[in-house]
Amino acid sequence: MAQTNYTPISLYHSTTAAAVPLAANLVAGELALNIEDMKLYCENAAGTVTLLASNASSTGTVSTVGWTGGIVSVANPTTTPAFTIAGTSGGVPYFNSGTTWATSAVLAASALVLGGGAGAAPATTTTGTGVVTALGVNTGSAGAFVVNGGALGTPSSGTLSSCTVDGTNAVGYRNIPQSGSAKTTSYALAVTDVGEVINVGTGGSITVPDATFATGDAVIIFNNTSGAITMTMTITNAYIAGTDADKATISVATRGVANILFVTGTTCVVTGNVS
């Protein structure tokens with residue numbers, strides 16, 4: 001509206017819908033309006049007429065950058081833009097083609113989302129609070145890690161005390177367990193005694209066999225009698241620690257302890273209350 005005592009300024013304009021000014025109608029830097037379409041044009045230095053702004057509609061579209069052909073709907077761009085994607089409330093939005101969005105099914109509480117591949121809806125799986133769910137686990141090789149399947153290494157149950165290092169050898173103990181009941185007769189050591197203590201009672205004796213144990217195996221002998229007991233060393237080489245004499249027999253003192261360390265399957269060294 002022109003004010004009193006002022007000369008109104010009017011741009012070159014058209015009232016015809018869809019009319020666009022030609023380069024011949026303008027000079028470089030000149031503006032032109034189409035007041036029917038509510039569009040503003042300008043001619044640049046190269047003589048090209050370009051649309052600078054438009055208020056032709058209360059809605060419009062914006063092409064996304066980086067998505068080939070992807071289009072996101074924008075409501076009321078002249079006020080506060082609001083991105084809208086039609087789909088399922090509580091689902092995960094995804095491109096189901098080059099130009100349209102979709103959503104996955106409603107996610108359950110504590111759901112994990114897995115990629116569905118190009119154009120496919122994401123898959124979901126649920127897990128309880130504090131529970132780790134295995135996703136694509138290798139269960140075909142030795143030492144495979146399996147979660148939610150009760151296996152860690154090669155355990156026989158879900159407790160850590162039943163786990164093993166390599167499926168054969170136990171991880172170990174928080175104490176030294178006794179190997180069976182007290183031995184009251186002649187007893188030959190076995191590989192099941194490794195890492196354990198042999199309690200020798202009245203009338204008991206020990207035989208250490210040859211080519212039975214592996215390097216690093218160890219067994220403890222406790223003489224729980226009132227007199228010395230004899231260990232028969234049928235193993236090829238048996239030494240009392242600190243000596244260089246191969247022993248055929250070794251005596252364990254009363255209430256004494258003998259620690260047997262196998263250096264190889266055919267050689268052992270004994271420490272403790274022995275002679």
Side-chain angles (χ1 to χ4, degrees), residues 132 137-275:
V132 178
V137 175
N138 174 16
T139 58
S141 59
F145 179 74
V146 180
V147 183
N148 218 19
L152 177 62
T154 53
S156 59
S157 69
T159 59
L160 185 59
S161 61
S162 65
C163 295
T164 61
V165 174
D166 57 7
T168 302
N169 300 309
V171 171
Y173 306 94
R174 289 171 293 183
N175 57 9
I176 302 175
Q178 179 172 302
S179 179
S181 58
K183 313 305 179 187
T184 56
T185 60
S186 177
Y187 178 75
L189 296 183
V191 292
T192 53
D193 299 322
V194 172
E196 299 181 342
V197 59
I198 305 296
N199 187 353
V200 180
T202 303
S205 64
I206 297 296
T207 298
V208 179
D210 190 36
T212 300
F213 297 92
T215 299
D217 285 350
V219 180
I220 299 174
I221 308 297
F222 172 55
N223 176 12
N224 193 21
T225 71
S226 58
I229 63 169
T230 298
M231 294 195 302
T232 302
M233 313 303 289
T234 58
I235 189 169
T236 303
N237 301 298
Y239 303 101
I240 293 176
T243 69
D244 191 32
D246 181 20
K247 305 288 288 186
T249 61
I250 293 178
S251 177
V252 183
T254 180
R255 315 300 178 189
V257 173
N259 304 293
I260 306 173
L261 172 66
F262 293 90
V263 181
T264 68
T266 56
T267 299
C268 72
V269 61
V270 183
T271 63
N273 309 113
V274 296
S275 59

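Sequential numbering from 1 along the given sequence is applied to the chain's residues. Only this structure's heavy atoms are used, side chains among them; waters, hydrogens and symmetry mates stay out.
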query = If you round to the nearest 0.5 Å, how far is CG of Asn199 from OG1 of Thr225?
reply = 10.0 Å

query = Among all residues two or more places apart in sequence or in another chain, which pass the ring-ring contact (aromatic ring centres under 6.0 Å, His included) test with Tyr187?
reply = none

remark   = For Thr271 and Ala241 the tightest heavy-atom approach is CG2-CB, 3.4 Å

query = Considering only heavy atoms from C-beta outward, does the side chain of Asn224 approach that of Arg255 to under 4.5 Å?
reply = yes

note = For Asp217, the side chain to side chain donor-acceptor pair (under 3.5 Å) test, sequence neighbours excluded, returns none

key: Nearest heavy atoms of Thr207 and Ser186, plus distance in Å   = OG1-OG, 4.1 Å

Least distance between heavy atoms, Val197 atom then Phe222 atom = CG2-CB, 4.2 Å

remark   = For Ala182 and Gly201, the nearest pair of non-hydrogen atoms, with its separation, is CB-N, 4.5 Å

task = Give a yes or no answer on whether the side chain of Thr184 reaches the backbone of Thr202 with a donor-acceptor pair at less than 3.5 Å.
result = no

message = Rounded at 0.5 Å granularity, tell me how far CD1 in Ile198 sits from CD1 in Ile206.
response = 6.0 Å

inquiry  = Looking at Asn223 and Ala253, would you say the former's side chain and the latter's main chain have a donor-acceptor pair under 3.5 Å?
reply    = yes

Distance-only check: which donor-acceptor pairs under 3.5 Å involve side-chain atoms of residues 263-270, not counting sequence neighbours?
residue, atom, partner, partner atom, Å
Thr264, OG1, Thr266, N, 3.1
Thr264, OG1, Thr266, OG1, 3.4
Thr264, OG1, Thr267, N, 3.1
Thr267, OG1, Asn237, ND2, 3.3

task = Would you check if there is a donor-acceptor pair between the side chains of Thr234 and Asp210 at a distance under 3.5 Å?
result = no

ask   = From Lys183 NZ over to Ile229 CD1, what is the distance, rounded to the nearest 0.5 angstrom?
value = 12.5 Å

message = If I compare all heavy atoms of Met233 with all of Lys247, which pair ends up nearest, and what's the gap?
response = CB-O, 3.3 Å

ask   = Are the side chains of Pro209 and Leu189 in touch, meaning some heavy atoms are under 4.5 Å apart?
value = yes

Distance in Å, Asp246 CG paired with Thr236 OG1, rounded so as to fall on 0.5 Å steps = 8.5 Å

message = Can you give me the closest heavy-atom contact between Ser226 and Thr254, atom names plus distance?
response = C-OG1, 3.2 Å

query = Quick one: which of Ile221, Ile260, Ile240 gives a side chain to side chain contact (heavy atoms under 4.5 Å, CB included) with Val274?
reply = Ile240

request  = Using atom types as modelled and distance alone, determine if a side-chain donor or acceptor of Asn273 lies under 3.5 Å from a backbone N or O of Val257.
outcome  = yes

query = Does the side chain of Val194 come within less than 4.5 Å of Phe262's, by heavy atoms?
reply = no

